[in-house]
Engineer: 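Below are the structure tokens for one structure; questions will follow.
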There are 2 protein chains.
Amino acid sequence: MARHKTYDCSSGCPVSATLDVIGGKWKGLILHHLLEGTLRFGELRKRIPDVTQRMLTQHLRELEESGLVHRQVYAEVPPRVEYSLTPQGQTLRGVIAALKSWGETYLGRKTPEPAAPKRRLAVASGR
Amino acid sequence: MARHKTYDCSSGCPVSATLDVIGGKWKGLILHHLLEGTLRFGELRKRIPDVTQRMLTQHLRELEESGLVHRQVYAEVPPRVEYSLTPQGQTLRGVIAALKSWGETYLGRKTPEPAAPKRRLAVASGR
DNA sequence: CAGTATCCTATTAGATACTG
DNA sequence: CAGTATCTAATAGGATACTG
């Protein structure tokens, strides 16, 4: 999501810092797939059908700048570019796993659209 | 971030689902503070100085709609509203902890602005 | 194949003022 | 105190066309 700038809760928001890095619309997915191995640009596209070329490129660049993804360009023709996780990127495995596991439970417990119970009503007599 | 809509990788992106729910600019922080106990609106503001009133309200509403936060309104004057995590919200504890822990290491390993090594250079002779 | 370049829309967030 | 209402600015994201 490239919120890498303004971040003044100086050295106090590791939670936000992590979300800044992995919180783009497709970054979770990209990381998830790269955790299973090196992939070429086109292979990533196939695994994430709804991402546009532009967004995939952009997010990969951001992940690269964050030091999580390595971009290996082979000087061939046709060109070949392989993406893989850096050692630091690999350390995200546990985090992604936690997100995935929680999400599975959350999606399981929740019907797609609960259509809000009634909105704004939860009053108690003051004590 | 309220990307709760378009989400067609039907039942396949629990990672994204989780990020949709906790990925707002301030949601991680809000959740983090509420994990330590019930807080009033104003108390949350003090703990997250840079959030605007509007954003805090909005994110709290979204978290409430996601079923993670409970909003308790006391019919007093001056008004008092307390926010706490629902049981489902509590289940996020491990996730937030993982984000926090990873973020601490990440921030520790990374100087604020590495000023990019040289940009776009990582070629290898094709094999 | 693996991108860039443009253009454009939608979503998010911030500032400021007002209120039950 | 705990919000709403407006208005505006900044970003993120998408569509499409073109290229080394």
Side-chain angles (χ1 to χ4, degrees), chain A residues 1-8 16 19-30 38-64 69 71-84 119-124 126, chain B residues 1-8 16 19-30 38-64 69 71-84 119-124 126:
Chain A
M1 187 135 298
R3 276 194 299 277
H4 327 134
K5 294 88 190 293
T6 52
Y7 177 76
D8 29 42
S16 300
L19 288 174
D20 278 352
V21 167
I22 67 173
K25 185 166 180 184
W26 308 99
K27 285 185 189 169
L29 274 302
I30 294 171
T38 297
L39 290 172
R40 298 180 57 167
F41 187 82
E43 293 174 322
L44 269 170
R45 284 199 74 184
K46 267 174 222 146
R47 280 169 175 71
I48 314 175
D50 293 339
V51 77
T52 60
Q53 210 165 30
R54 180 172 146 16
M55 280 298 105
L56 183 53
T57 304
Q58 188 174 305
H59 280 158
L60 282 167
R61 289 295 182 287
E62 289 173 9
L63 290 170
E64 192 189 353
V69 163
R71 179 170 178 266
Q72 180 68 56
V73 181
Y74 294 92
E76 307 174 343
V77 42
R80 182 160 59 102
V81 180
E82 290 183 348
Y83 290 93
S84 57
R119 289 272 358 138
R120 209 109 333 269
L121 277 181
V123 184
Chain B
M1 188 136 295
R3 277 192 299 275
H4 328 134
K5 293 86 191 292
T6 52
Y7 178 75
D8 29 40
S16 300
L19 288 174
D20 278 352
V21 168
I22 68 174
K25 185 167 179 182
W26 307 100
K27 286 185 188 168
L29 274 301
I30 294 172
T38 297
L39 289 172
R40 297 180 56 166
F41 186 81
E43 293 174 323
L44 270 170
R45 284 199 74 186
K46 267 174 222 145
R47 281 169 175 70
I48 312 176
D50 293 339
V51 76
T52 61
Q53 210 164 29
R54 184 179 170 312
M55 280 298 104
L56 182 54
T57 304
Q58 189 174 303
H59 279 158
L60 282 167
R61 290 295 181 286
E62 290 174 9
L63 290 170
E64 193 188 354
V69 162
R71 179 170 179 266
Q72 180 69 56
V73 180
Y74 294 92
E76 306 175 343
V77 41
R80 183 160 58 103
V81 180
E82 290 183 347
Y83 291 92
S84 57
R119 290 276 355 141
R120 209 107 334 268
L121 277 179
V123 185

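Letters A, B, ... are given to chains in the order of the sequence lines, protein chains preceding strands, and every chain is numbered from 1.
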Engineer: Measure from CZ on B/Arg80 to C1' on D/dC1 and round the result to the nearest Å.
Structural biologist: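 Rounded to whole Å, this separation is 11 Å.
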
Engineer: Tell me: CE of A/Met55 to P of C/dG3, nearest whole Å?
Structural biologist: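 Roughly 14 Å, once rounded to whole Å.
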
Engineer: Without decimals, in angstroms, what is the distance between B/Glu62 CD and D/dG3 P?
Structural biologist: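 Answer to the nearest Å: 15 Å.
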
Engineer: Would you mind reporting whether A/Leu44 and A/Leu60 have side-chain heavy atoms less than 4.5 Å apart?
Structural biologist: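 Yes. Closest side-chain heavy atoms under 4.5 Å.
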
Engineer: Does a side-chain N or O of A/Lys25 approach OP1 or OP2 of D/dG14 to a distance below 4.0 Å, or not?
Structural biologist: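 Yes, because at least one side-chain N or O of A/Lys25 sits under 4.0 Å from OP1 or OP2 of D/dG14.
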
Engineer: Which heavy atom of A/Arg45 sits nearest a heavy atom of A/Leu56, and at what distance?
Structural biologist: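 Heavy atoms of A/Arg45 and A/Leu56 come nearest at CG-CD2, 3.3 Å.
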
Engineer: Side-chain N or O of B/Arg71 versus OP1/OP2 of D/dG3: is the shortest distance under 4.0 Å?
Structural biologist: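 Checking B/Arg71 against D/dG3: at least one side-chain N or O falls below 4.0 Å of OP1 or OP2.
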
Engineer: Nearest whole angstrom, please: distance from the P of D/dA2 to the CG of B/Leu60.
Structural biologist: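 After rounding, the gap between these two atoms is 11 Å.
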
Engineer: For B/Lys27 versus B/Leu63, what's the shortest heavy-atom pair and its separation?
Structural biologist: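 The answer is CD-CD2, 3.9 Å.
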
Engineer: Measure the shortest side-chain to side-chain distance between A/Gln53 and A/Phe41 over non-hydrogen atoms and say whether it is less than 4.5 angstrom.
Structural biologist: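 Yes - at least one pair of side-chain heavy atoms lies under 4.5 Å apart.
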
Engineer: Is any side-chain nitrogen or oxygen of A/Tyr83 closer than 4.0 Å to OP1 or OP2 of C/dC1?
Structural biologist: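 Result: no.
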
Engineer: Whole angstrom is fine here: how far is it from CG in B/Asp20 over to C1' in D/dG13?
Structural biologist: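 In whole Å, D/dG13 C1' and B/Asp20 CG are 14 Å from each other.
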
Engineer: Could you tell me whether the side chain of A/Arg71 reaches within less than 4.5 Å of the side chain of A/Arg61, counting heavy atoms only?
Structural biologist: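 Side-chain contact under 4.5 Å: yes.
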
Engineer: Distance check needed: C/dT11 C1' versus B/His59 NE2, whole Å only.
Structural biologist: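 Between C1' of C/dT11 and NE2 of B/His59: 11 Å.
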
Engineer: Could you pick out which residue, A/Pro78 or B/Gln53, lies toward the 5' side of DNA chain C when each is mapped onto its nearest nucleotide?
Structural biologist: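 Whichever sits nearer the 5' end wins; that is A/Pro78.
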
Engineer: Scan every strand shown for a Watson-Crick or G-U wobble partner of C/dG20, both distances under 3.5 Å, and answer none if you come up empty.
Structural biologist: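 Here C/dG20 is engaged in a pair, and the nucleotide opposite it is D/dC1.
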
Engineer: Can you tell me the distance, in whole Å, between the CG atom of A/Leu56 and the C1' atom of D/dG14?
Structural biologist: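 Going from CG in A/Leu56 over to C1' in D/dG14 covers 14 Å.
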
Engineer: Judged by each residue's nearest nucleotide on DNA chain D, which is more toward the 5′ side, A/Pro79 or A/Val51?
Structural biologist: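 The residue whose closest nucleotide sits nearer the 5' end is A/Val51.
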
Engineer: At 4.0 Å (heavy atoms only), tell me whether A/Arg54 reaches a base, stays on the sugar-phosphate, or touches nothing.
Structural biologist: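 Counting heavy atoms under 4.0 Å across all strands, the contact made by A/Arg54 includes a base.
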
Engineer: Give the rounded distance in Å between these two atoms: CZ of B/Arg40 and C1' of D/dA2.
Structural biologist: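 One finds 9 Å between C1' of D/dA2 and CZ of B/Arg40, rounded.
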
Engineer: Within the structure, does a side-chain N or O atom of A/Arg61 lie under 4.0 Å from either OP1 or OP2 of C/dG3?
Structural biologist: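 For A/Arg61, the contact criterion (side-chain N or O under 4.0 Å from OP1 or OP2 of C/dG3) is met.
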
